[in-house]
Amino acid sequence: MAVTIKSDREIELMREAGKILANVHKELEKVIRPGISTMDINKIGEDIIRSYDCIPSFLNYNGYPASICVSINDEVVHGIPSKDRILMEGDIISLDAGVIYKGFHSDAARTHAVGEISADAKKLIEVTKQSFFEGIKFAKEGNHLFEISEAIGRYAESFGYGVVRDLVGHGIGCNLHEDPQIPNFKQRRRGLKLQAGMTLAIEPMINAGRYDVEWLEDDWTVVSEDGSLSAHYENTVLITKGEPELLTMYE
Ligand code: MF3
Ligand code: CO
């Protein structure tokens with residue numbers, strides 16, 4: 001599939017989708033506390049998404065059974081919400097959500113602390129977020145895609161962290177996953193040339209330990225093989241001739 005360049009109208013709709021998703025994350029962040037179940041978080045998230053007349057894009061995507069991916073501690077991504085999974089003080093929790101607004105997708109993830117967490121966990125969350133920002137320094141028309149990948153990886157690896165290799169970011173638009181794939185570490189080639197109007201979901205997934213991951217028996221939940229903590233940070237990004245526009249940013 002070719003990489004799509006969005007028209008002005010399409011960009012406007014993606015901006016709207018992004019704003020809505022930013023609000024979903026902002027609201028969801030407030031409900032995180034010890035004692036809440038991951039199913040409760042999913043339900044609250046789905047209700048917020050629907051309150052904006054949006055469709056939760058993850059629900060039933062390739063059979064995924066929920067609207068919000070909730071991944072705790074050594075879980076990297078795609079954790080399945082459960083009423084029996086209760087957040088505990090000291091956990092770190094990644095929330096990944098996607099919405100469809102008037103046919104256009106937005107996708108974003110954040111990792112949060114549950115109550116007080118260790119200094120090591122805080123650092124992992126911060127570095128993962130910063131690796132995204134290191135990457136998007138290169139997200140500009142005329143640059144090459146894998147400059148973003150390399151910058152993300154270089155930064156995260158400088159802390160001794162493992163940059164997950166088996167999962168990647170992606171183009172996004174009328175579909176949740178479009179070309180190109182966006183790895184989070186250095187590639188042999190420089191990748192495609194970036195053009196204004198491309199919309200990309202850039203999403204570093206970083207393990208405190210080694211980069212290897214494995215899939216649990218549910219065929220969804222990805223965990224770090226060594227059991228180390230893992231963090232995820234993602235925004236939907238519009239490429240322009242100048243600074244990139246972060247469509248799902250809030251704060
Ligand atoms: N943010 C995830 C991604 O970019 C989407 C979750 S996959 C789903 O791949 F199946 F859970 F929807
Ligand atoms: Co994504």
Side-chain angles (χ1 to χ4, degrees), residues 1 3-4 6 14 17-18 20-22 24-25 28-29 38-39 41-43 45-46 48-50 54-72 75-82 85 93-101 104-112 128-129 131-133 135-136 139 145 148-149 152 163-185 198-206 213 215-223 230-239 244 246-250:
M1 193 181 75
V3 177
T4 57
K6 275 71 181 179
M14 291 206 57
I20 291 168
L21 184 54
V24 171
H25 271 290
L28 269 185
E29 183 173 352
T38 59
M39 184 61 96
I41 293 170
N42 175 68
K43 169 84 169 78
E46 178 166 344
I48 301 169
I49 291 170
R50 294 200 190 279
C54 287
I55 299 167
S57 53
F58 297 175
L59 185 60
N60 300 321
Y61 183 85
N62 290 148
Y64 183 77
S67 297
I68 315 287
C69 298
V70 186
S71 309
I72 301 174
E75 296 171 357
V76 180
V77 288
H78 303 169
I80 297 177
S82 158
R85 196 75 193 279
I93 177 181
S94 302
L95 301 180
D96 191 352
V99 304
I100 311 173
Y101 174 76
F104 284 85
H105 285 257
S106 203
D107 184 5
R110 294 289 186 275
T111 302
H112 301 291
T128 302
K129 177 177 181 179
S131 73
F132 167 89
F133 285 97
I136 63 159
L145 181 67
I148 300 174
S149 304
I152 291 171
V163 176
V164 173
R165 289 166 132 72
D166 291 350
L167 298 150
V168 296
H170 50 94
I172 180 167
C174 296
N175 303 292
L176 173 58
H177 294 134
E178 299 186 355
D179 280 344
Q181 294 199 19
I182 311 173
N184 294 302
F185 59 99
M198 289 179 177
T199 42
L200 309 174
I202 299 174
E203 50 179 321
M205 290 152 270
I206 310 291
V213 297
W215 273 257
L216 296 186
E217 280 297 314
D218 62 22
D219 282 332
W220 277 106
T221 313
V222 181
V223 298
S230 188
H232 185 198
Y233 186 90
E234 174 182 29
N235 283 304
T236 297
V237 176
L238 170 68
I239 303 296
L246 306 185
L247 304 182
T248 47
M249 199 61 203
Y250 62 98

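Since the structure is predicted, the reported quantities are computational estimates derived from the model, not experimental observations. Both counts, for ligands and for their atoms, begin at 1 and track the order of listing. Just the heavy atoms: all of them, side chains too, but no hydrogens, waters or symmetry mates, feed the values below.
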Heavy-atom side-chain contact between [X] and [Y] under 4.5 Å:
X: P183; Y: R165; result: no
X: F104; Y: C174; result: yes
X: V70; Y: L95; result: yes
X: C69; Y: W220; result: no
X: D96; Y: F58; result: yes
X: V164; Y: V77; result: no

Check your understanding: Listing by chain and number, which residues have a heavy atom under 4.0 Å from ligand 1?
Key -> F58, Y61, Y64, C69, H78, D96, D107, H170, H177, E203, W220, E234
Practice item. Identify, with sequence neighbours excluded, every residue that meets side-chain contact (heavy atoms from CB on, under 4.5 Å) alongside Y61. Key: L176, H177
Review point. Is it true that some N/O/S atom of E203, main chain or side chain, lies under 2.8 Å from the Co ion (ligand 2)?
Key: yes
Exercise for review: Verify the distance test for H177 against the Co ion (ligand 2): any N/O/S atom under 2.8 Å, yes or no.
Suggested key: no
**Study point:** Candidate pair M14 and K6, rule side chain to side chain contact (heavy atoms under 4.5 Å, CB included), full reasoning
**Key:** CA-CA 9 Å; M14 291 206 57; K6 275 71 181 179; 4.0 Å; yes
Study note, to complete from the structure: Which atom of D107 is nearest the Co ion (ligand 2), counting N, O or S only? It is OD2
Review point. Of all N, O or S atoms in E234, which has the smallest distance to the Co ion (ligand 2)?
Key: OE2
